[in-house]
Amino acid sequence: MQDVWDQRSCVTSSAEETVRLGRAFAETLRSPSVVLLHGELGAGKTTFTRGLVNGLGAQDDPVRSPTFTLVNPYSGNVPIYHVDLYRVDTLRDLETIGMDEISNQDAIVIVEWGEKLRPQPESGWKVIISDLGGERRKVEFSKL
């Protein structure tokens with residue numbers, strides 16, 4: 001049976017709806033899993049991640065964009081790594097932040113700017129978030 005999230009597209013009308021969508025999507029994930037987030041600056045990748053991390057059981061820390069720290073770990077029902085590759089330009093940069101080690105753990109790995117991840121994972125999810133103006137976002141899900 002095809003996963004209900006496969007090739008699904010949703011439109012949210014507020015940041016709260018985008019968080020709720022992330023929380024609902026989290027219920028479908030099993031560890032280990034990689035979620036590659038795509039979207040322009042301000043599209044809502046971190047907002048979606050906030051719901052995703054909360055839906056995976058992490059309650060202790062507020063979810064913030066790891067633009068400068070590059071990796072934010074969270075303790076949920078499973079280990080969670082929130083990675084931001086916006087400032088990463090080379091394979092050496094990926095090695096420096098330990099992407100190989102993170103990717104090989106029994107964890108959920110959420111990667112903002114997922115198109116920069118090299119090599120691309122063979123399985124997992126691609127989530128494209130598009131700004132439709134105001135607080136409206138289009139969120140598209142597809143399996144890798």
Side-chain angles (χ1 to χ4, degrees), residues 1-91 93-94 97-100 102-144:
M1 182 169 138
Q2 186 175 2
D3 192 305
V4 297
W5 292 95
D6 196 20
Q7 303 300 323
R8 183 173 180 180
S9 176
C10 301
V11 174
T12 62
S13 298
S14 67
E16 293 79 19
E17 283 186 15
T18 303
V19 168
R20 282 197 302 269
L21 182 61
R23 194 176 300 127
F25 182 63
E27 294 176 14
T28 70
L29 296 177
R30 301 293 173 260
S31 184
S33 193
V34 175
V35 179
L36 302 180
L37 300 176
H38 297 252
E40 297 298 320
L41 279 173
K45 296 179 296 294
T46 301
T47 301
F48 179 81
T49 299
R50 191 169 294 122
L52 189 52
V53 168
N54 182 261
L56 292 168
Q59 304 289 326
D60 50 344
D61 293 316
V63 174
R64 293 189 181 96
S65 177
T67 300
F68 295 101
T69 58
L70 301 180
V71 179
N72 287 343
Y74 296 99
S75 298
N77 303 330
V78 298
I80 306 161
Y81 293 94
H82 180 197
V83 180
D84 188 322
L85 300 181
Y86 180 71
R87 298 177 47 173
V88 171
D89 293 317
T90 66
L91 189 56
D93 293 339
L94 288 173
I97 65 172
M99 268 316 291
D100 280 342
I102 291 170
S103 297
N104 289 321
Q105 292 191 33
D106 188 17
I108 303 292
V109 181
I110 306 160
V111 183
E112 293 192 34
W113 304 97
E115 62 274 13
K116 291 186 169 192
L117 185 61
R118 295 288 180 259
Q120 289 279 292
E122 294 179 11
S123 64
W125 288 93
K126 178 179 179 180
V127 179
I128 302 171
I129 304 174
S130 304
D131 185 343
L132 300 178
E135 290 193 37
R136 297 182 70 233
R137 300 295 186 263
K138 181 177 183 182
V139 185
E140 301 170 89
F141 302 87
S142 59
K143 287 191 174 184
L144 297 175

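None of the values given here were measured: they were computed from a predicted structure. Because only heavy atoms are used, hydrogens play no part in the values below, and waters and symmetry mates are left out as well, while side chains stay in.
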Next on the checklist: Would Trp113 and Glu115 count as a side chain to side chain contact (heavy atoms under 4.5 Å, CB included) here? Give the steps.
Outcome noted: CA-CA 5 Å; Trp113 304 97; Glu115 62 274 13; 3.3 Å; yes

Next on the checklist: Apply side chain to side chain contact (heavy atoms under 4.5 Å, CB included) to residues Asn72 and Val53 and explain how you reach the verdict.
Outcome noted: CA-CA 11 Å; Asn72 287 343; Val53 168; over 6 Å; no

Item to check | Gln105 and Tyr81: CA distance, side-chain angles, deciding distance, side chain to side chain contact (heavy atoms under 4.5 Å, CB included) verdict | outcome: CA-CA 10 Å; Gln105 292 191 33; Tyr81 293 94; 2.9 Å; yes

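Each of Val111, Thr49, Thr46 was compared with Leu37 under the side chain to side chain contact (heavy atoms under 4.5 Å, CB included) criterion, and only Thr49 meets it.
Here CG of Leu36 is found 11.5 Å from CD of Glu112. Values are rounded to the nearest 0.5 Å. With rounding to the nearest 0.5 angstrom, the OG atom of Ser14 is 10.0 Å from the CZ atom of Arg137. Atom CD1 in Ile128 sits 11.5 Å away from atom CD in Glu40 (nearest 0.5 Å). One distance of note links CG of Leu29 with CD1 of Ile108; it measures 5.0 Å at 0.5 Å rounding. Distance check: Glu16 CD to Thr47 OG1 gives 9.0 Å after rounding to the nearest 0.5 Å. Distance check, rounded to the nearest 0.5 Å: CD1 of Ile110 to CG of Leu56 gives 6.0 Å.
Minimum interatomic distance between Lys116 and Leu85 (heavy atoms only, all atoms of both residues): CD-O, 3.1 Å. Across all their heavy atoms, Ala58 and Ile80 have their closest contact at CB-CD1, 4.2 Å. Closest approach of Ser9 to Lys138, counting heavy atoms only: OG-CE, 3.2 Å. Smallest separation of non-hydrogen atoms from Pro121 and Leu144: CG-CD1, 3.8 Å. Considering all non-hydrogen atoms of both residues, Ile129 and Ala43 come closest at CG2-O, 3.2 Å. Taking every heavy atom of both residues into account, Ser31 and Ala107 meet most closely at OG-N, 3.0 Å.
Using a 4.5 Å heavy-atom cutoff, the side chains of Asn54 and Val19 are not in contact. Residues Glu140 and Val127 have side chains not in contact (no heavy-atom distance under 4.5 Å, counting atoms from C-beta outward). A heavy-atom distance below 4.5 Å is found between the side chains of Tyr86 and Leu41. No side-chain heavy atom of Leu117 sits under 4.5 Å from any side-chain heavy atom of Val83. In this structure the side chain of Val35 reaches within 4.5 angstrom of the side chain of Phe25, judged on heavy atoms.
Remark: side-chain polar atoms of Lys45 are paired, donor with acceptor, to backbone N or O of Gly39 under 3.5 angstrom.
Note: Phe141 and Trp125 have perpendicular aromatic rings, judged against thresholds of 30 and 60 degrees for the angle between ring planes.
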